[in-house]
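Heads up: the structure comes next, in structure tokens.
Chain letters run A, B, ... following the sequence lines, proteins first, then strands; residues in each count from 1.
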Protein chains: 2
Amino acid sequence: MAELTLRERKRRRTRQAIVEAAVGLFEEHGYEGTTVADIAEAAEIGTRTFFSYFASKEELLFPESDSRLAAALDAIAARGPEDRPADVLLRALRDVNRDSDEMVSRMAALRMRLVRSVPAVRGRGLQLQFDAQREIARHLCAAYPDELDEVGAAALVGAFVGAVTGALDVLLETAGDDPAAVSRRLQEATAAVLRPWLRE
Amino acid sequence: MAELTLRERKRRRTRQAIVEAAVGLFEEHGYEGTTVADIAEAAEIGTRTFFSYFASKEELLFPESDSRLAAALDAIAARGPEDRPADVLLRALRDVNRDSDEMVSRMAALRMRLVRSVPAVRGRGLQLQFDAQREIARHLCAAYPDELDEVGAAALVGAFVGAVTGALDVLLETAGDDPAAVSRRLQEATAAVLRPWLRE
DNA sequence: TGCAAATCTGCACTGAGTGCGGTTATCGTC
DNA sequence: GACGATAACCGCACTCAGTGCAGATTTGCA
């Protein structure tokens, strides 16, 4: 079943070791207080080798951004015949957030903290999000060729994602760290803002 | 009237020289093909001095982001008694875009091209936009204390800015470089997406 | 004129990231 | 099990962005 060659298994183990070393060091000394050389040493690899696993120091923090995008695309693909584009999008965003109930993980919590505190990490995060948005818009446009053109789809997706991102930003600033409460208030706030679209 | 000390005049002149040198070099060799040392040499200053004018190479490209934010805040401050939050925001976004009819300038055109082609520049641009968004939301919330809480305001602003940004991204990809046409189609697309808010 | 403050700049440094080349480990095959 | 191909590892020397410092120069102001 696990048809993994030794090479691949080893590579995964090393990759995991790098991530764990990095998470530990980031928690201890902060992102900017940790050099790639530190991480490499802790993971027992050469500094040069680090860059054959991750293209940059930031990349380390965004390994599964693809899986969140995939979840959103799945939600579009699995749309029902009654669904309007806005319904599909809202479900997609919920699915993505549900997936991130793995938010309990150390990695995800750390990433969220760093996105909010380290400019370089925030820039990278926003960039990835923006790229994902574009991809989602493309698929949504393809799913509703009669109702949306490319520009309209991009605007719609941008509006939804922007609302969620903006609300989440403020929520994390004010609310405590209780993930359930944050999730609930996020649902409330976005539902309130997006209501004009959903009833009609 | 121009009560500028010699020091300040000189400093402005140098700053302008840096910008012009950089724009020329970026157009000729691309952003990543131009080093800070190249820019400094072309502007006839020491490399070290560059960093006393701009904190980083990217900063060079976003000098007046403050003025666009100010335009948006002005629009909020100048709201009429009949205006709903969404109306104010729409006008704010229009004002910001109108200001950027200085888009004819070399600098702005170059920036737009680089934002779309150079990851580091895009990251920085998105980050500045996000920060501006937060500031706008704060003011909007203060202007409508009965209707918006902080989270709701952030969600609303995020939705509007996200719609415009998403639409503009696709537009610039597909449409030609005619600024008037882009501007018109942008208005159409965002108006279509945001319609649910504006009639009610 | 003269003193204080701001500015300019070279120098030495750190840290991210790349290209190259040699070494070692793994793979598939015989 | 041996063997050639391939992939991974990793040191070295390099480029570039950015910082701290300290000395020289210029400007502001009394």
Gap between atoms CZ and P, on A:Arg12 and D:dA8 respectively (whole Å): 13 Å
Give the nucleotide from the list C:dA16, D:dT19, C:dC8 with an atom nearest to the side chain of B:Arg11. C:dC8
Report yes or no: does A:Thr49 contribute a side-chain atom to a donor-acceptor pair with the main-chain N or O of A:Ile45 at less than 3.5 Å? no
Which whole-number value in Å describes the distance from B:Leu60 CG to D:dA17 P? 12 Å
Whole-Å distance separating the CZ atom of A:Arg7 from the C1' atom of C:dT26: 4 Å
By nearest nucleotide on DNA chain C, pick out whichever of A:Glu8 and B:Thr14 is the more 5' one. B:Thr14
Any donor and acceptor pair, going by atom type alone, linking the side chain of B:Thr190 with main-chain N or O of B:Leu186 inside 3.5 Å? yes
What is the distance from CD of B:Glu58 to C1' of D:dG18, rounded to the nearest Å? 11 Å
Given the ring of A:Tyr31, does A:Lys57 sit roughly above its face, with NZ or CZ under 6.0 Å from the centre of the six-membered ring and within 45° of the axis? yes
For DNA chain D, find the residues of residues 31-50 of chain B with a heavy-atom distance under 4.0 Å and give them by number; none if there aren't any. B:Thr34, B:Thr35, B:Val36, B:Arg48
For the pair made of CZ in B:Arg9 and C1' in C:dA6, what is the distance, rounded to whole Å? 16 Å
I'd like to know if the side chain of B:Asp95 reaches the main chain of B:Ala92, judged simply by a donor and an acceptor atom lying under 3.5 Å from each other, with no hydrogens or angles considered. no
A:Phe51 CZ to C:dG15 P, straight-line distance once rounded to whole Å: 12 Å
Whole-Å distance separating the NZ atom of B:Lys10 from the P atom of D:dT26: 8 Å
Which nucleotide in D:dC9, D:dG18, C:dT18 has an atom nearest any side-chain atom of B:Lys57: D:dG18
Output the rounded distance in Å from CG (A:Leu6) to C1' (D:dA7). 12 Å
Any side-chain N or O of B:Tyr53 less than 4.0 Å from the OP1 or OP2 oxygen of C:dT7? no
Face-on cation placement of A:Arg11 at A:Tyr53 ring, 6.0 Å and 45° thresholds: yes
With a 4.0 Å cut-off, would you call A:Arg79 and A:Asp87 a salt bridge? no
Should B:Arg138 and B:Glu150 count as an ion pair when the cut-off is N to O under 4.0 Å? no
Give one of base, sugar-phosphate or nothing for B:Phe54, where a contact means two heavy atoms less than 4.0 Å apart. nothing
